[in-house]
Amino acid sequence: MTRFPIDEFQGLRTPFYFYDLKLLDQTLSDIKRTARDPRFKVHYAIKANANPGVLRNIQAAGLGVDCVSGGEIEAALEAGFRGERIVFAGVGKSDEEIRFALEANIGCFNVESEPELLIINEIAGEMGKKAAVALRVNPNIDAHTHEYITTGLAENKFGINLELLPAMIDKAISLDNIDFKGLHFHIGSQITETEPFVMLCETINRLQNEYNAKGITFSSINVGGGLGIDYAHPERRPIPDFENYFKTFHNHLKLRDGQEVHFELGRSVVAQCGSLITKVLYVKEGTTKKFAIVDAGMTDLIRPALYNAHHKIENISNPNGELHHYDVVGPICESSDCFGKDELLPTISRGDLLALRSAGAYGEIMASQYNCRKLPHSVFSAQ
Ligand code: LLP
């Protein structure tokens, strides 16, 4: 359970992200315990959070890292991840990023189109290198999640459609500077049911049978990320159910000898250890509503404005006060700059600190400077 050192928070500039490193470490230990199958390799999806203080712990726990830009590869290398533990995905890798990744001797490129495959082959050839490549397949699976974070359906900018896959595999095998490793999948994010993952395993089994019959084998299968977390009850299950998640792949995926399975978990690793701490500037009494106007806005945590997401709000200055309804809103000049409507919260006064929970993933990293605001800073619990 995350404890907020409220006395230590007094006098700190707000808003800031507070990271509970003890919870992060417990989460990482649980991943190591439940992913103990030696064929399983977990790469942390750094897009969820690249704060160096967070990355250091993830690197120390022995995870690899999944990157989608040259900047993310740089952040990973700075945090101490070795090149071979880095995979590089994304539909639009620039020539400079490809060159940088090859220089860093990354473990694998997840390739999403034929022109990208050809350019990687060309640049690797110029550099006298061979690029390890997995092809990202679009498996046409509905992950039952928000439309902006569903990625596995057929008509999508991501991945290669199943009909086009045979030609792409032939191409990858034929190119001199490409070392074809296998297939990559990612069906979406914040997936809270087991069924989409079972469907993914079944699709992979079918594809493996089909291709093995043609004499094509894969040394690695990458199943992407997507395991969801409980935003409504951050304390009920602060560590996601990794046991069930990895067991699903263990039970349903039919692996061949010597095959590795790669996972790219982002949200489930870091979401629950982070909270956005914000100070109440004003309590404005309307005719029917009370507004708590806070100093954090959509620039600090964009998920509510962008995805209609809800992060649990707590009044950590007055946790036991009498309950009232408030709309909790930020200072940005946009009506979507609202963290919660009709929130039942203990009496809020000017100067109180509120915690927006489960904000460790896609929080700080998605912050912007709109309205010329300062980026939020970060504070860490004692470990
Ligand atoms: N692998 C690939 C290829 C991905 O595209 C993603 C996330 C992941 C792994 C990690 O997925 P996770 O385990 O975190 O679900 N900003 C949105 C989420 C965007 C996810 C994009 N891709 C949000 O705040 O909900």
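What's counted below: heavy atoms across the whole structure, side chains too, no hydrogens, waters or symmetry copies. In listed order, ligands and their atoms are each counted from 1. This is a predicted model, so every value here is computed, not measured.
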A.B. asks: Is it true that S268 lies under 4.0 Å from ligand 1, counting heavy atoms only?
C.D. replies: no

A.B. asks: Using a 4.0 Å cutoff against the non-hydrogen atoms of G266, which atoms of ligand 1 qualify?
C.D. replies: 12 (P), 13 (O), 14 (O)

A.B. asks: Is the distance between the ring centroids of F81 and Y44 less than 6.0 Å?
C.D. replies: no

A.B. asks: Looking at K47 and E72, does any basic side-chain N land under 4.0 Å from a carboxylate oxygen?
C.D. replies: no

A.B. asks: Which ligand 1 atoms does A45 reach within 4.0 Å, using its non-hydrogen atoms?
C.D. replies: 10 (C)

A.B. asks: Do any nitrogen or oxygen atoms of R136 lie less than 3.5 angstrom from nitrogen or oxygen atoms of ligand 1?
C.D. replies: no

A.B. asks: How does R267 reach ligand 1, by side chain, by backbone, by both or by neither, if only non-hydrogen atoms under 4.0 Å count?
C.D. replies: both

A.B. asks: Check A89 against ligand 1 and report side chain, backbone, both or neither, counting heavy atoms closer than 4.0 Å.
C.D. replies: neither

A.B. asks: Go through the side-chain N and O atoms of E84 and N105 and say whether any donor and acceptor fall under 3.5 Å apart.
C.D. replies: no

A.B. asks: We want to know whether R267 and S189 form a side-chain donor-acceptor pair, criterion being a heavy-atom distance below 3.5 angstrom.
C.D. replies: yes

A.B. asks: Going by the order shown, which atoms of ligand 1 are within less than 4.0 Å of some heavy atom of G225?
C.D. replies: 9 (C), 13 (O)

A.B. asks: Which of the atoms in ligand 1, numbered in the order shown and given with their element, are less than 4.0 Å from a heavy-atom of M366?
C.D. replies: 16 (N)

A.B. asks: Considering only heavy atoms, does E264 approach ligand 1 within less than 4.0 Å through its side chain, its backbone, both, or neither?
C.D. replies: both

A.B. asks: With a 4.0 Å heavy-atom cut-off (strictly under), which part of D66 contacts ligand 1: side chain, backbone, both or neither?
C.D. replies: side chain

A.B. asks: Can the ring centres of F18 and F9 be said to be less than 6.0 Å apart?
C.D. replies: yes

A.B. asks: I'd like to know whether NZ of K129 has more than 12 heavy-atom contacts from other residues, nucleotides or ligands below 6.0 angstrom.
C.D. replies: yes

A.B. asks: Has E343 got a side-chain atom pairing as donor or acceptor with D327's backbone, closer than 3.5 angstrom?
C.D. replies: no

A.B. asks: Please classify the Y307 to ligand 1 contact at 4.0 Å (heavy-atom distances, strictly less than): side chain, backbone, both or neither.
C.D. replies: side chain

A.B. asks: Do the side chains of K22 and D20 get close enough for a salt bridge, i.e. N-O under 4.0 angstrom?
C.D. replies: no

A.B. asks: Any atoms of ligand 1 less than 4.0 Å from a non-hydrogen atom of L265? List them with their elements.
C.D. replies: 13 (O)

